[in-house]
Each structure stands twice: as structure tokens, then as C-alpha cells.
Colleague: 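I have a structure here, written as C-alpha cells, and I will follow up with some questions on it.
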2 protein chains.
Amino acid sequence: MARYQQIIEELILTGGRHLTAEQIYLRLKESHPSLVLATVYNNLNELTRQGKIRRISLEGFPDRYDAPTRHDHLVCTVCGGLTDLPLPDLTEWIEQQTKTPIEGYDLKIHWVCPKCRAAQGTTA
Amino acid sequence: MARYQQIIEELILTGGRHLTAEQIYLRLKESHPSLVLATVYNNLNELTRQGKIRRISLEGFPDRYDAPTRHDHLVCTVCGGLTDLPLPDLTEWIEQQTKTPIEGYDLKIHWVCPKCRAAQGTTA
DNA sequence: TCTTAGATTTAGAATAATTCTAATTCAAAA
DNA sequence: TTTTGAATTAGAATTATTCTAAATCTAAGA
């Protein structure tokens, strides 16, 4: 069962990174016309719960889904675009600072991506 | 003008931290019965734009509003509760690592708060 | 004082992402 | 072949937030 779980996972891990639920739905609908958006959400929730994928929540934009490998993200404050950023793992440092065990963390770095920086130079 | 801007700002900075728009609305409605939720949102957006308050987005919970001082947050993965955590500023370290100027960052640390940890021990 | 102009607030409809519910379908086991 | 439980489907519901248009207010100018 879980007819769609595997192809959704594969699409997220290899077919395109940082996809939204709707993008996943539209891509898979081509080859699986009976697929429905609610099924995509169901599977995304299940995969996230199992730790096979990672959900990235962004202010003002729909959630995106990513590989669960440990890495951080640059978020463009202009276009909302996401870029992977593999900074060193801060877990131990945080636990030393807080003197408390933690489950993990979510680090989003705000920048203006090169494309938007160029566009700013043009208009401003 | 901006009749409500100041009292909203004051409530966020001093009257209670990590409040939602609705909590702010309910508290102020007592003393200002004509106040409407849309006005709260308008003012929260304006205050955020001006950098006088900070918006904190949490997965699955409404946004909360906080003082704009630089600090990080512990987020309980069980109850969603927020706790302030003043870790050292990582901006310079991140800029060294990425070799790119950044605008700031958002660091949320996932833990189980003491209250939920105790409750877990009880039930599990 | 009266008028005007601009901004703010109000009221409530609209939006959009996501979840929920109930009915249907499916796959495997009995 | 029948049963059973889980997954999918369809579409309604939810919820936080935004939007729109009308009403209100404030301050300035005549």
C-alpha cells in the first residue's frame, strides 16, 4: 500500500529540491491522473513524520519539502528563494551553551540572492 | 494617527511576550471595544516593517510577536511553547563561513520543555 | 468655524494553504 | 470469494491572514 509514498519521496530527493505540495502534485499528476492534492499532503505528512523528508516552512510562502540531510538554508528576503548551505553542525555547541539536550534546530539565514541583488541595482 | 500602534507595541514589549495577534486583540478589546482584529494585523505588519517588533512564525501555530532584541528561541516540539534563548550572535561566523554578507538569521532550537518532559515520563 | 484631504479604522468578504470527513477503492489475507 | 483494514478520492471545512470599500477621524487650511 501507500501507493504514492515512494514516488513522492523520490521526486523530493532527486527529481527537484525545495518543491511545494502543489508542484509535486502537478508533476506527478501527469503520469498518475487520478492523484489528488489531499493524497500528496497525506503522504508528505507521513514521510515527514517518518523522517524521510524534511518540511521547510517559510513566512508568506507555502511549505517546501527537502532531503532530510543535515544542512541549513539561505532564504532570499526579496524573492523567497531557497539555497542550500551546509554549515557545520551546531548541535554540540548549542548543547554546551544551553546545558540542555536538544532535538535539533532550524537555521535560516536571510540574504538577498545574487539575482535579486542585481535587480535591486537596476531599479533602486 | 496610528491610534493603536503604540499600545500594541507596548503590550508586545512589556505586557506579555510571544503573544498572537488574537491574544493582543482580546486583551486590548477590553479597554478599546471598537478595536477590530484587522486593525491589530495592520499595526503588527507596520510595526514589523519598521523593525519595532519581531514576528515569529511557527509551524502549525499562529504567528507570535516579540521584542526585536537579538535572541534565539527554544521551541517545544510537544506543546509548541516558546522560550527565549540569548545565544551569542552568529552573524560574523556565518559570514566568514559563507563569504557573503547576510541580513540576519533565524535560529529555532527544537527541544522538549521541562513541563512536557515530565508529562512524557508520566504517560509513556 | 467649516471644509478638505489623507490616513486609519472598521466590517466583513475573500484568499489560500492545509486538514478533515465520508464514501470509495484497493490489496492482501482468509 | 469474501472480508478487512488501509489508502485514496472528492470536496467541504478550517483558520490565519489579507483585502476592499465604506466610514471615521485628525490636522491643516480657508
Side-chain angles (χ1 to χ4, degrees), chain A residues 1-12 16 18-50 52-66 75 77-82 106 108, chain B residues 1-12 16 18-50 52-66 75 77-82 106 108:
Chain A
M1 289 143 219
R3 190 168 4 150
Y4 295 110
Q5 189 165 323
Q6 186 149 14
I7 57 169
I8 290 175
E9 183 183 350
E10 279 173 21
L11 178 55
I12 290 167
H18 306 151
L19 296 172
T20 65
E22 180 145 43
Q23 287 171 330
I24 293 164
Y25 164 69
L26 289 175
R27 282 222 204 164
L28 294 180
K29 186 144 189 83
E30 292 176 21
S31 44
H32 302 78
S34 73
L35 178 66
V36 130
L37 188 53
T39 299
V40 174
Y41 276 108
N42 286 343
N43 281 281
L44 289 173
N45 285 340
E46 181 58 21
L47 286 165
T48 303
R49 219 184 41 69
Q50 292 178 20
K52 292 182 177 169
I53 63 172
R54 173 177 165 198
R55 191 198 321 269
I56 307 171
S57 293
L58 296 173
E59 260 191 59
F61 300 92
D63 289 354
R64 291 165 185 283
Y65 295 89
D66 199 0
V75 185
T77 54
V78 176
C79 70
L82 265 190
D106 172 23
K108 294 199 189 82
Chain B
M1 289 141 221
R3 193 172 356 156
Y4 295 110
Q5 188 163 325
Q6 186 149 14
I7 59 170
I8 291 175
E9 183 182 351
E10 277 173 23
L11 179 55
I12 291 166
H18 306 151
L19 297 172
T20 65
E22 181 146 39
Q23 288 170 331
I24 292 165
Y25 164 69
L26 290 175
R27 284 222 202 162
L28 295 181
K29 186 148 188 78
E30 292 176 23
S31 43
H32 301 76
S34 74
L35 179 67
V36 131
L37 189 52
T39 299
V40 175
Y41 276 108
N42 285 345
N43 281 281
L44 290 173
N45 286 339
E46 182 59 20
L47 286 165
T48 303
R49 218 183 41 71
Q50 291 178 19
K52 293 184 176 170
I53 62 172
R54 176 182 4 165
R55 190 198 321 269
I56 306 171
S57 294
L58 296 172
E59 262 190 59
F61 299 93
D63 289 355
R64 291 165 184 282
Y65 294 87
D66 199 0
V75 185
T77 55
V78 175
C79 69
L82 264 192
D106 171 24
K108 293 201 189 80

Colleague: Let me know the distance between CD1 of A:Ile7 and C1' of D:dT8, rounded to the nearest Å.
Modeller: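 These atoms are roughly 13 Å apart.
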Colleague: Using whole Å, what does the distance between atom P of nucleotide D:dT15 and atom OH of B:Tyr25 come to?
Modeller: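 Distance check: B:Tyr25 OH to D:dT15 P gives 17 Å.
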Colleague: Is the backbone N or O of B:Ser57 less than 3.5 Å from a side-chain atom of B:Lys108, with the two atoms forming a donor-acceptor pair by type?
Modeller: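 Present.
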Colleague: For B:Phe61 and for B:Ala38, find the nucleotide of DNA chain D with the closest heavy atom, then tell me which residue's nucleotide is more 5'.
Modeller: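 Counting from the 5' end, the first nearest nucleotide belongs to B:Phe61.
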Colleague: From CG of B:Leu37 over to P of D:dT18, roughly how many Å is that when rounded to an integer?
Modeller: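 One finds 10 Å between P of D:dT18 and CG of B:Leu37, rounded.
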Colleague: Measure from the side-chain heavy atoms of A:Val36 and tell me the nearest of D:dA10, D:dT8, C:dT9.
Modeller: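 From the listed options, D:dA10 comes nearest.
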Colleague: How is A:Thr20 classified with respect to the nucleic acid when contacts are heavy atoms under 4.0 Å: base, sugar-phosphate, or nothing?
Modeller: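 No contact.
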Colleague: Below 4.0 angstrom from OP1 or OP2 of C:dG12, is there any side-chain N or O of B:Tyr41?
Modeller: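 So the side chain of B:Tyr41 is outside the cut-off, no N or O lying under 4.0 Å from OP1 or OP2 of C:dG12.
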Colleague: Atom CD1 of B:Ile56 to atom P of D:dA16: distance rounded to whole Å?
Modeller: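 Going from B:Ile56 (CD1) to D:dA16 (P), I get 17 Å.
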Colleague: Measuring from the side chain of A:Ser34 (C-beta onward, heavy atoms only), which nucleotide among D:dT17, D:dT8, D:dT9 has the closest atom?
Modeller: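 Shortest atom-to-atom distance from the side chain points to D:dT9.
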Colleague: Working to the nearest 0.5 Å, report the span between OG1 of B:Thr48 and CG of B:Asp66.
Modeller: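 These two atoms lie 11.0 Å from each other.
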Colleague: Side chain of A:Ala21 only, please: which of D:dT8, C:dT10, C:dT18 is the nearest?
Modeller: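 Given the options D:dT8, C:dT10, C:dT18, the side chain of A:Ala21 is closest to C:dT18.
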Colleague: Whole angstrom is fine here: how far is it from CG in B:Leu58 over to C1' in C:dT18?
Modeller: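 Between C1' of C:dT18 and CG of B:Leu58: 17 Å.
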Colleague: With side chains defined as the heavy atoms from C-beta onward, is the minimum distance between A:Leu28 and A:Tyr4 less than 4.5 Å?
Modeller: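 In short, these two side chains do not touch, never coming nearer than 4.5 Å.
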Colleague: Distance check: side-chain N/O of A:Asn43 vs OP1/OP2 of D:dT8, anything under 4.0 Å?
Modeller: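 True: A:Asn43 side-chain N/O within range (under 4.0 Å) of D:dT8 OP1/OP2.
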Colleague: Counting only side-chain N and O atoms of B:Asn42, is one of them less than 4.0 Å from OP1 or OP2 of C:dT8?
Modeller: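 Indeed not, no polar side-chain atom of B:Asn42 lies that close.
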Colleague: Of the candidate nucleotides C:dT18, C:dT9, D:dT8, which contains the atom at the shortest distance from the side chain of A:Asp63?
Modeller: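 So the nucleotide nearest the side chain must be C:dT18.
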Colleague: Taking only side-chain nitrogens and oxygens of B:Tyr4, does any of them come within less than 4.0 Å of OP1 or OP2 of C:dT10?
Modeller: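 Checking C:dT10 against B:Tyr4, a side-chain N or O does come within under 4.0 Å of OP1 or OP2.
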Colleague: Give the rounded distance in Å between these two atoms: NE2 of A:His32 and C1' of C:dC26.
Modeller: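 That distance rounds to 15 Å.
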Colleague: Using atom CD of B:Gln6 as one end and atom P of C:dT8 as the other, report the distance to the nearest whole Å.
Modeller: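 Nearest whole value for this atom pair: 15 Å.
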Colleague: Using a 4.5 Å cut-off on heavy atoms from C-beta on, say whether the side chain of B:Tyr65 contacts that of B:Arg55.
Modeller: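 Sidechains of B:Tyr65 and B:Arg55: in contact.
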Colleague: Between D:dT8, D:dT17, C:dA17, which nucleotide gets closest to the side-chain atoms of A:Pro62?
Modeller: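 Given the options D:dT8, D:dT17, C:dA17, the side chain of A:Pro62 is closest to C:dA17.
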Colleague: For the atom pair CD (B:Gln5) and CD1 (B:Ile7), what is the distance rounded to the nearest 0.5 Å?
Modeller: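 Between atom CD of B:Gln5 and atom CD1 of B:Ile7 there are 11.0 Å.
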Colleague: Output the rounded distance in Å from CG (B:Asn45) to P (D:dA16).
Modeller: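 Computing the B:Asn45:CG to D:dA16:P distance gives 16 Å.
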